Protein chains: 4
Amino acid sequence: MERRIRTYSTDEGLVKSRRVQLALYAAEMFADKGYHNTTVQEIGDACGMGKGTIYHYIGTKEDILRLIESKATVLWEGFFEEGLANFDKMSATETLRHCVEDFCRRVDKYPSFTRFWYQEIRYAPPEVQRAIREWDTRAVALFEKILAKGCMSGEFKVDDITMVAHIIVSGGEMWAVKRWFLRKHFTLKEYISAQVKMTLRLVCANECIVKAG
Amino acid sequence: MERRIRTYSTDEGLVKSRRVQLALYAAEMFADKGYHNTTVQEIGDACGMGKGTIYHYIGTKEDILRLIESKATVLWEGFFEEGLANFDKMSATETLRHCVEDFCRRVDKYPSFTRFWYQEIRYAPPEVQRAIREWDTRAVALFEKILAKGCMSGEFKVDDITMVAHIIVSGGEMWAVKRWFLRKHFTLKEYISAQVKMTLRLVCANECIVKAG
Amino acid sequence: MERRIRTYSTDEGLVKSRRVQLALYAAEMFADKGYHNTTVQEIGDACGMGKGTIYHYIGTKEDILRLIESKATVLWEGFFEEGLANFDKMSATETLRHCVEDFCRRVDKYPSFTRFWYQEIRYAPPEVQRAIREWDTRAVALFEKILAKGCMSGEFKVDDITMVAHIIVSGGEMWAVKRWFLRKHFTLKEYISAQVKMTLRLVCANECIVKAG
Amino acid sequence: MERRIRTYSTDEGLVKSRRVQLALYAAEMFADKGYHNTTVQEIGDACGMGKGTIYHYIGTKEDILRLIESKATVLWEGFFEEGLANFDKMSATETLRHCVEDFCRRVDKYPSFTRFWYQEIRYAPPEVQRAIREWDTRAVALFEKILAKGCMSGEFKVDDITMVAHIIVSGGEMWAVKRWFLRKHFTLKEYISAQVKMTLRLVCANECIVKAG
DNA sequence: CATGAATGAGGTTTCATTCAT
DNA sequence: TATGAATGAAACCTCATTCAT
C-alpha cells in the first residue's frame with residue numbers, strides 16, 4: 001500500500017527513513033490532538049522538516065494515515081508467527097499466557113497506534129480502515145486458535161471462543177485507549193498480570209458454578 | 001454547562017427543543033462521519049434548520065459537542081439510582097446481572113454516544129472531555145460498589161475490584177465501538193448474555209484454580 | 001455545461017447573475033494578464049466579491065474558464081441564424097459582406113473572448129477546448145455555405161472554399177489578437193472595410209490573371 | 001538580451017549549448033502544455049539535465065522565455081536578408097512568392113515558436129514581449145517593402161499595403177496556430193500554394209471589379 | 001560541474017460565523 | 001424568528017529557487 005504513495009525522491013532509503021519519521025511523529029500527534037487539529041506545518045516542525053519537504057515523500061496529508069497504518073507491520077512483527085511457533089512444545093495455557101502478555105506489551109510499546117485506530121480511523125481512506133480492522137481481526141483469530149486448541153486438549157472449557165478472544169484483544173487495547181484511567185490504578189506489569197489472570201479464569205476447565213444464566 | 005451556551009432566543013422552551021434536536025442529529029453524524037467531516041450546513045440540513053438558525057441556539061460549532069455531552073444525562077437517566085435502589089432487596093449477583101444488562105442496553109440504545117466519546121472526544125473542549133470521562137468513571141464506580149458488596153456478603157471473590165469493574169464497562173462499550181465486528185457474530189441478546197456470564201465467571205466465589213499469576 | 005458547476009446557492013437568478021459578472025471580469029483579466037497571473041482574490045476584488053463568495057458560485061478556478069466559454073453564446077447570439085436568414089432575399093455578395101462585417105463587430109465587442117481563446121485555451125479543460133473550437137468551426141462553416149452559394153449563382157469563383165472561409169474568420173479574429181499592431185494603423189471601420197474589400201477580391205468571379213502558380 | 005542572464009559557468013561554449021538545448025525543449029513544452037503547466041523539473045527531465053544544473057545557466061524560470069525569444073534569430077536567420085538580396089534580379093511577383101513560401105516554411109519548421117508567441121507571450125517579461133512583436137513587425141515591414149516595389153513597378157495594385165502585409169504574415173502564422181483545423185484540410189504544400197495564390201490575387205494589377213467598398 | 005534534497009512563499013479551497021433581510 | 005449570502009482566516013499543496021555534497 002505504501003508503494004503507491006507519491007514521492008519526488010528516487011533515493012529509496014531516504015524515502016523509507018523519512019516516512020518512518022513522519023509516521024512516528026504523526027501517529028503520536030494524531031493520537032494526542034486528532035488528525036484535523038494537527039497541521040502539516042506542525043508535523044513538519046515536530047520532525048524537523050519543512051512543510052515542503054514533507055510533500056517530497058507523500059502526496060497528500062491523508063497519505064500520512066497510510067504510512068501510519070503500514071507501520072503496523074512493525075508493531076505486529078513476529079506476533080502472529082511466534083504465537084503459534086511453539087504450539088507443540090507448550091501447553092495451550094502457556095501459549096495463551098505468552099500471547100496475552102506479548103499483546104499487551106506491544107500495545108504498550110506503541111500506544112499511539114492503538115489510540116489512533118480507535119479514534120482516527122474514520123478519517124482514513126477506506127483501504128486503510130479495512131487494513132487496520134484486518135489486524136484486529138487477525139489478532140482475534142490468533143486467540144481463537146489458541147483457545148480452540150486448549151479446548152480440544154481439555155485444558156480449557158469455553159462456551160464462546162470468539163467472544164473470549166474478542167475480550168482478550170479489547171482488554172489489551174484498552175491499556176492504550178483508557179490510559180487516563182488505567183494508569184491511575186495500575187502499572188503495566190499489574191495490568192498484564194491482571195489480564196492474564198482474568199483470561200485464565202474465563203477459560204479454565206473446572207468452571208465455577210454460575211448460579212443463573 | 002449547557003447554561004453558558006450563547007443563545008439569541010428568550011423562549012426557553014424553544015431553546016431546549018432546538019438543542020435536543022441538534023444534539024441528537026449531530027451525535028449521529030459525528031459518530032458516522034466525524035466532527036470535522038460534518039459541516040454546520042449538513043447538520044442544519046439534517047435537522048431542517050437553516051445554517052443561520054443554528055447560530056441562534058449555539059455560539060460555536062464546538063458548543064454542539066457540549067450539547068451532546070449534556071444529553072448524556074438522558075442516556076444515563078436512572079441508571080445509577082436504580083442500580084443501587086434495590087440493593088437491599090436483591091442479592092449482589094442479581095444486582096450485578098441487572099446492571100450489566102441495563103448498561104449494555106443503554107449503550108445499544110444510543111450507540112452514537114459511546115462511539116462519539118471514544119472517537120471524537122479529543123475535539124471537545126476540556127470541560128467536556130472531563131465530563132464525559134466522569135460518566136465513565138461513575139459507571140466503573142457503580143460496579144465497584146456492587147462488587148464490593150458481593151465480596152463482603154461472600155457471594156463474590158474478586159482480587160481486583162477496579163479491574164473487573166473496568167472490564168465490565170469496557171465490555172459494554174465495545175458493543176457500540178466494535179459494532180462492525182460484533183454484529184457479525186452476535187445479536188444484542190447474545191452479547192448481553194455472554195457479558196453477564198463472563199462477568200459472573202470472573203467474580204464467582206468458588207474460583208477455578210489458576211495455576212499461575 | 002454550465003449546469004454542472006457546483007454552487008451552494010439555490011437562488012437560480014442570483015447564481016446566473018453572479019456568474020455573468022465573474023465571466024465578464026475574468027475574461028478581461030485573463031486576456032490581459034493570463035489565467036495564471038490572475039488570482040481568485042484579484043477577480044474577487046474586481047467584481048466586488050469576497051474570495052469566499054466566488055466559491056459559492058463555482059467549484060474551482062477552472063470553472064471560471066467554463067463560465068467564460070458559456071458566455072460565448074451571448075457573443076454569437078443570432079450570428080449564425082441571421083447570416084442565413086435572408087439568404088434568399090440577398091445576393092451572396094450582400095450576405096457575405098454583411099456577415100464579414102457582423103463577425104468583425106462581434107469580435108470587437110468582446111475582444112477579450114477572442115484573445116482568451118487564442119491564448120488561454122490550453123489551460124481550459126478539454127470539453128471547453130472542444131467547445132471553443134466548435135464555435136470557430138461553425139463560423140468557418142457559415143462562410144463556406146455563403147461562398148458555396150455564391151459559386152453556384154455564378155457571383156463568386158473560388159478555388160478552395162474552406163481556405164477562403166478560414167482566412168475570413170482568422171482575419172476577423174486578428175482584430176482582437178493583434179490589437180497592439182492593428183490599432184496603430186486602422187480604426188475598426190477601416191479594418192472592417194478592408195476585410196470586406198479583401199474578401200470580395202478573393203472571391204470575385206472575373207478573376208485577375210495570376211501569371212504563375 | 002541573452003547576455004544579461006545569470007550563469008555560474010565561465011565556459012562560454014557550454015553556456016551556449018546548454019541554453020540552446022533549454023530553449024528548444026522548453027519552447028516545445030510551453031507550446032504544448034503552457035508555461036505554467038510546465039515545471040522546471042520537467043524541462044530538466046526532457047533535456048536530461050538536473051533541476052539544479054539548469055540554474056547554472058539561467059537565473060530564473062522567466063529567463064527561459066528570454067532564451068526562447070533569442071532563439072528566434074535562428075528561425076529568422078537569413079529571412080530578411082535573402083528576401084531583399086535579389087530584389088533587383090527578380091520581379092516583385094517572384095520576390096513576393098518566394099518570401100511567402102519561405103515564411104510559411106519557417107513557421108512550419110519551428111511551429112512551437114509561433115504558437116508560443118501567440119499563446120504564452122503574456123507570461124514573458126516586457127522586453128521579451130516587445131522583442132517578439134518586433135520580429136512580427138519586421139516581417140510585416142518586409143512584405144510592405146516588396147509590395148511597395150511591386151506597386152511602383154506596376155506589377156501590383158494595392159490599396160492598403162500595410163493591411164495586405166499583415167494578412168500575409170498572419171496567414172503564415174495561422175499554419176502553426178490553427179494546426180488543429182488546417183492539418184485536417186491541407187498539407188503544408190497545399191497550404192503554401194493557397195497562400196501564394198491568395199496573395200497574388202490580392203495584389204494583382206488587373207483588379208477584378210469590386211462593386212462596393 | 002552536476003545533482004537533487006530542502007525550503008517557504010504564494011496560490012487555491014473550505015467552512016465556521018456574521019448579518020442584513 | 002428564520003434564513004442564506006457574504007466573508008476571510010486558516011488549511012493544504014505546488015513549485016521555483018537555493019545550497020551542500
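Below, chains carry the letters A, B, ... as their sequence lines are ordered, and counting in each starts from 1. The structure presented is a predicted model; accordingly, all values stated were derived computationally and were not measured.
- Rounded to a whole Å, the CD atom of A:E62 is 18 Å from the P atom of F:dA11.
- The aromatic ring centroids of D:F113 and D:Y110 lie less than 6.0 Å from each other.
- Distances from the side chain of D:S9 to the nucleotides F:dT1, E:dC1, E:dA5 place E:dC1 closest.
- For DNA chain F, none of the residues of residues 29-40 of chain C falls under the heavy-atom distance limit of 4.0 Å.
- For the pair B:E120 and B:R115, the salt-bridge criterion is not met [side-chain N within less than 4.0 Å of a carboxylate O].
- Using a 4.0 Å cutoff on non-hydrogen atoms, the parts of residues 11-23 of chain B near DNA chain F are B:R18, ordered by number.
- With rounding to whole Å, A:Y123 atom OH is found 15 Å from F:dA11 atom P.
- Nearest-nucleotide assignment on DNA chain E puts the 5′-proximal partner with D:G48, out of A:G48 and D:G48.
- We find that CD of C:E42 is positioned 13 Å from P of E:dG10, with the value rounded to whole Å.
- As a whole-Å value, the separation of D:L65 CG from F:dA16 P is 12 Å.
- In the interface, the side chain of A:H56 is not paired with the base of E:dA5 through any donor and acceptor atom under 3.5 Å apart.
- Mapped onto DNA chain F by nearest heavy atom, B:G50 and D:Q41 fall at different nucleotides, with B:G50 at the one closer to the 5' end.
- Side-chain contact annotation: B:W135 with B:E69, donor-acceptor N/O pair under 3.5 Å present.
- A close approach under 4.0 Å does not occur between any side-chain nitrogen or oxygen of D:R6 and OP1 or OP2 of F:dT17.
- With distances taken from any side-chain atom of D:K61 to the nucleotides F:dT1, F:dT17, F:dC13, the minimum falls on F:dT17.
- Contact check on D:R66 versus D:E62 returns a salt bridge, with a Lys/Arg side-chain nitrogen under 4.0 Å from an Asp/Glu carboxylate oxygen.
- Regarding contacts with the backbone of E:dA6, a side-chain N or O of A:Y57 is found under 4.0 angstrom from either OP1 or OP2.
- In terms of heavy atoms, A:L14 sits closest to A:S9 at CD2-OG, 4.4 Å.
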With side chain to side chain contact (heavy atoms under 4.5 Å, CB included) as the criterion, how do A:F116 and A:I132 come out once you've worked through the C-alpha distance, each side chain's angles and the decisive distance to 0.1 Å? CA-CA 10 Å; A:F116 168 82; A:I132 290 183; 3.9 Å; yes
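- Each of D:I54 and C:I58 was matched to the nucleotide of DNA chain E holding its nearest heavy atom; the match closer to the 5' end belongs to D:I54.
- The aromatic rings of C:H36 and C:Y123 sit perpendicular to each other, their planes meeting at more than 60°, with 30° as the lower class boundary.
- Distances were taken from every side-chain heavy atom of C:K51 (C-beta onward) to each of F:dT17, F:dA9, E:dC1; the shortest belongs to F:dA9.
- Judged by distance alone, with hydrogens and angles left aside, the side-chain atoms of D:E28 form no donor-acceptor pair with the main-chain N or O of D:S112 at under 3.5 Å.
- For the pair A:L67 and A:R19, the tightest heavy-atom approach, listed with the atom from each and the gap, is CD2-CD, 3.6 Å.
- Contact between the side-chain N/O atoms of A:Y55 and the OP1/OP2 oxygens of F:dC13 is found at a separation under 4.0 Å.
- The residue B:G52 sits close to a base: some heavy atom pair falls under 4.0 Å.
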Listed pairs under 3.5 Å, donor-acceptor, residues 45-60 of chain C side chains, sequence neighbours left out:
| from | atom 1 | to | atom 2 | distance (Å) |
| --- | --- | --- | --- | --- |
| C:H56 | ND1 | C:G52 | O | 3.2 |

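- Consecutive Watson-Crick or G-U pairs involving DNA chain F, each under 3.5 Å on both distances, make up stems of three or more pairs at E:2-21 with F:2-21.
- At a threshold of 4.0 angstrom between heavy atoms, the contacts of A:T53 include nucleobase atoms, whether or not backbone atoms are also involved.
- Under the rule for a side chain to side chain donor-acceptor pair (under 3.5 Å), the partners of D:K71 that lie at least two apart in sequence or sit in another chain are D:E2.
- For the pair A:Y8 OH and F:dA16 P, the interatomic distance rounds to 11 Å; values are reported in whole Å.
- In this structure, the side chain to side chain donor-acceptor pair (under 3.5 Å) partners of A:K33, at least two apart in sequence or on a different chain, are A:E42.
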